[in-house]
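Below: one structure, written as structure tokens.
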Amino acid sequence: MGSQADNFWNQAGKVLKHEELSLDGQGTFSLEPGHIHIWQFHLPQIQKYLDDWVAYLCPEECDRMARFVFERDRIKYGLSRGGLRQLLGRYVEQDPASLDFEYEAKGKPHLYLNGKRHPLQFNLSHSGDWVVYGVSCDRPLGIDIEQIRPLRNLHSLAQHCLTPIECQDLFESVEADHSKFFEYWTSKEAYLKATGQGLTHSMTNVKADLAAAQILPEPHNPNFDFEWHLHRWVPAVGYTAAVVYPGNSCTLQHQEYAALFPP
């Protein structure tokens, strides 16, 4: 990571911790209420674990992996899904291959053990060469990462995704800030993933206040019985990511998952 990411860690020190997460004697992870763990790993760095992690996948996941046309997409899927199983298995002290998942109508996943929904909450996202995960034991959350890139149809996308105030913020300079568009996009998508609405819900109905680090209330939306917090960070140079969660403000702890494995 470059200085851009280092500067962000320093600026955000009041709301997050970037420290090594210790393992207990059984090699499992512990998570307390009011804390959210954010994990990230670099795909090229952990590709050596591909065969081991693919072995955790269920038949449905293997079928989906096989349907990808390009090898790079098969590798990304195998690493991200196998990594999810490896990670969650450490939290619930179970064989990663034994974990079951069920999905809401619009795709929000839940962990099941012995036929019952487990209270552990999680979400994942990948873009480019990076995968990120969010884990909580006491509240829903959504996470999203995007690789920042030029968009030839930026004006059209902005009109379909951003509110008029957000568009004004985006285009206030002579040249539109593509990175700011992706900051809005990841913030809104993380919220829609946290609420289980997915991208079937119009992004223009979601108001992200980047400066206040909040998702603003939607009129007549039952999801707004509580406050929605927004946390953004720079996973690596050229990327932006966001996590959104409800309730009281949490302590966020960032980890690089690959660092837990021997070289």
What's the verdict on side chain to side chain contact (heavy atoms under 4.5 Å, CB included) for V244 and L192, showing C-alpha distance, side-chain angles and the deciding distance? CA-CA 9 Å; V244 171; L192 294 174; over 6 Å; no
Does a side-chain heavy-atom distance below 4.5 Å link I46 with V131? no
With a 4.5 Å limit on heavy-atom distance, are the side chains of I38 and I143 in contact? yes
S127 side chain vs Q147 backbone, donor-acceptor pair below 3.5 Å: yes
Walk me through it: do E227 and H229 pass the test side chain to side chain contact (heavy atoms under 4.5 Å, CB included)? CA-CA 6 Å; E227 186 174 6; H229 301 275; 3.8 Å; yes
Filter on salt bridge (charged side-chain N to carboxylate O under 4.0 Å, His left out), then keep only pairs touching residues 116-125, sequence neighbours left out; what's left? none
Using ring-ring contact (aromatic ring centres under 6.0 Å, His included) as the criterion, list what pairs up with F181, not counting sequence neighbours. none
Carefully, step by step, assess F41 and Y49 under the rule side chain to side chain contact (heavy atoms under 4.5 Å, CB included). CA-CA 12 Å; F41 59 76; Y49 302 115; over 6 Å; no
Working to the nearest 0.5 angstrom, can you tell me the gap between L141 CG and W228 CH2? 9.0 Å
Using every non-hydrogen atom in the two residues, find where A242 and A190 come nearest and quote the distance to one decimal. O-CB, 3.8 Å
Applying salt bridge (charged side-chain N to carboxylate O under 4.0 Å, His left out) as the test, list every pair that has at least one member in residues 130-152; sequence neighbours left out. E146-R149
Give, for atom CG of L88 and atom CZ of R90, the distance between the pair rounded to the nearest 0.5 Å. 11.5 Å
Quick check on N248: does its CG atom have over 12 non-hydrogen neighbours (other residues, nucleotides or ligands) under 6.0 Å away? no
To the nearest 0.5 Å, atom CD of E104 lies from atom CD of Q197 at 10.5 Å
Side chain to side chain, L99 and Y56, heavy atoms closer than 4.5 Å: no
Pairwise side-chain contact, L87 with F29, heavy-atom cut-off 4.5 Å (strictly under): yes
Those residues that, when tested against E166, pass side chain to side chain donor-acceptor pair (under 3.5 Å) (two or more places apart): T163, K188
Cluster partners of V69, using ILVMFWY side-chain heavy atoms under 4.5 angstrom, listed by chain and number? F70
For the atom pair CD (Q47) and CH2 (W53), what is the distance rounded to the nearest 0.5 Å? 11.5 Å
On a heavy-atom basis, the closest approach of P140 and Q121 is CA-OE1, 3.7 Å
Excluding sequence neighbours, so at least two apart, what forms side chain to side chain donor-acceptor pair (under 3.5 Å) with D209? none
Atom pair OG (S179) and CG (L170), whose distance is rounded to the nearest 0.5 Å: 9.0 Å
Flag side-chain contact, heavy atom, 4.5 Å: L154 against F171: yes
Across all chains, not counting sequence neighbours, the side chain to side chain donor-acceptor pair (under 3.5 Å) partners of S98 are none
Is there side-chain contact between R232 and S187, with heavy atoms separated by less than 4.5 Å? yes
Where is the tightest heavy-atom contact between P33 and C137, given as atom of each residue plus distance? N-SG, 3.5 Å
So the salt bridge (charged side-chain N to carboxylate O under 4.0 Å, His left out) pairs with at least one residue in residues 53-68 (sequence neighbours excluded) are E61-R81, E61-R85
Check the orientation of H254 and W233. Use parallel for under 30°, tilted for 30 to 60°, and perpendicular for over 60°. perpendicular
Over all atoms of both residues, closest heavy-atom pair of K193 and S125: NZ-CB, 3.7 Å
Test side chain to side chain donor-acceptor pair (under 3.5 Å) applied to D129 - qualifying residues, sequence neighbours left out: none
For T240, which of I145, I148, V234 qualifies under side chain to side chain contact (heavy atoms under 4.5 Å, CB included)? I148
Take the angle between the ring planes of F68 and Y77 and call it parallel below 30°, perpendicular above 60°, tilted in between. tilted
Which residues share a ring-ring contact (aromatic ring centres under 6.0 Å, His included) with Y112, sequence neighbours left out: none
Under the rule for ring-ring contact (aromatic ring centres under 6.0 Å, His included), what residues qualify as partners of H118, not counting sequence neighbours? none
Any side-chain heavy-atom pair of W185 and C161 under 4.5 Å: yes
With sequence neighbours excluded, tell me which residues meet ring-ring contact (aromatic ring centres under 6.0 Å, His included) with F122. F101
Closest heavy-atom pair, L210 versus L230, reported as atoms and distance to 0.1 Å, is CD2-CD2, 4.1 Å
Does some side-chain heavy atom of M203 sit less than 4.5 Å from a side-chain heavy atom of H160? no
Is atom CG of N114 surrounded by more than 12 heavy atoms (other residues, nucleotides or ligands) closer than 6.0 Å? no
Can you confirm whether more than 12 heavy atoms, excluding those of I165, are under 6.0 Å from its CD1 atom? no
Starting at CD of Q45, measure out to CG of L43 and round the result to the nearest 0.5 Å. 10.0 Å
Nearest heavy-atom approach of S136 to I36 is CB-CG1, 4.1 Å
Using the side chain to side chain contact (heavy atoms under 4.5 Å, CB included) rule, take T251 and Q253 through it: C-alpha gap first, then chi angles, then the decisive distance, then the call. CA-CA 7 Å; T251 298; Q253 188 173 3; 5.6 Å; no
Would you check if the side chain of Y133 reaches a backbone N or O of S80 as a donor-acceptor pair within less than 3.5 Å? yes
Taking the ring centre of each residue, are H231 and Y245 less than 6.0 Å apart? no
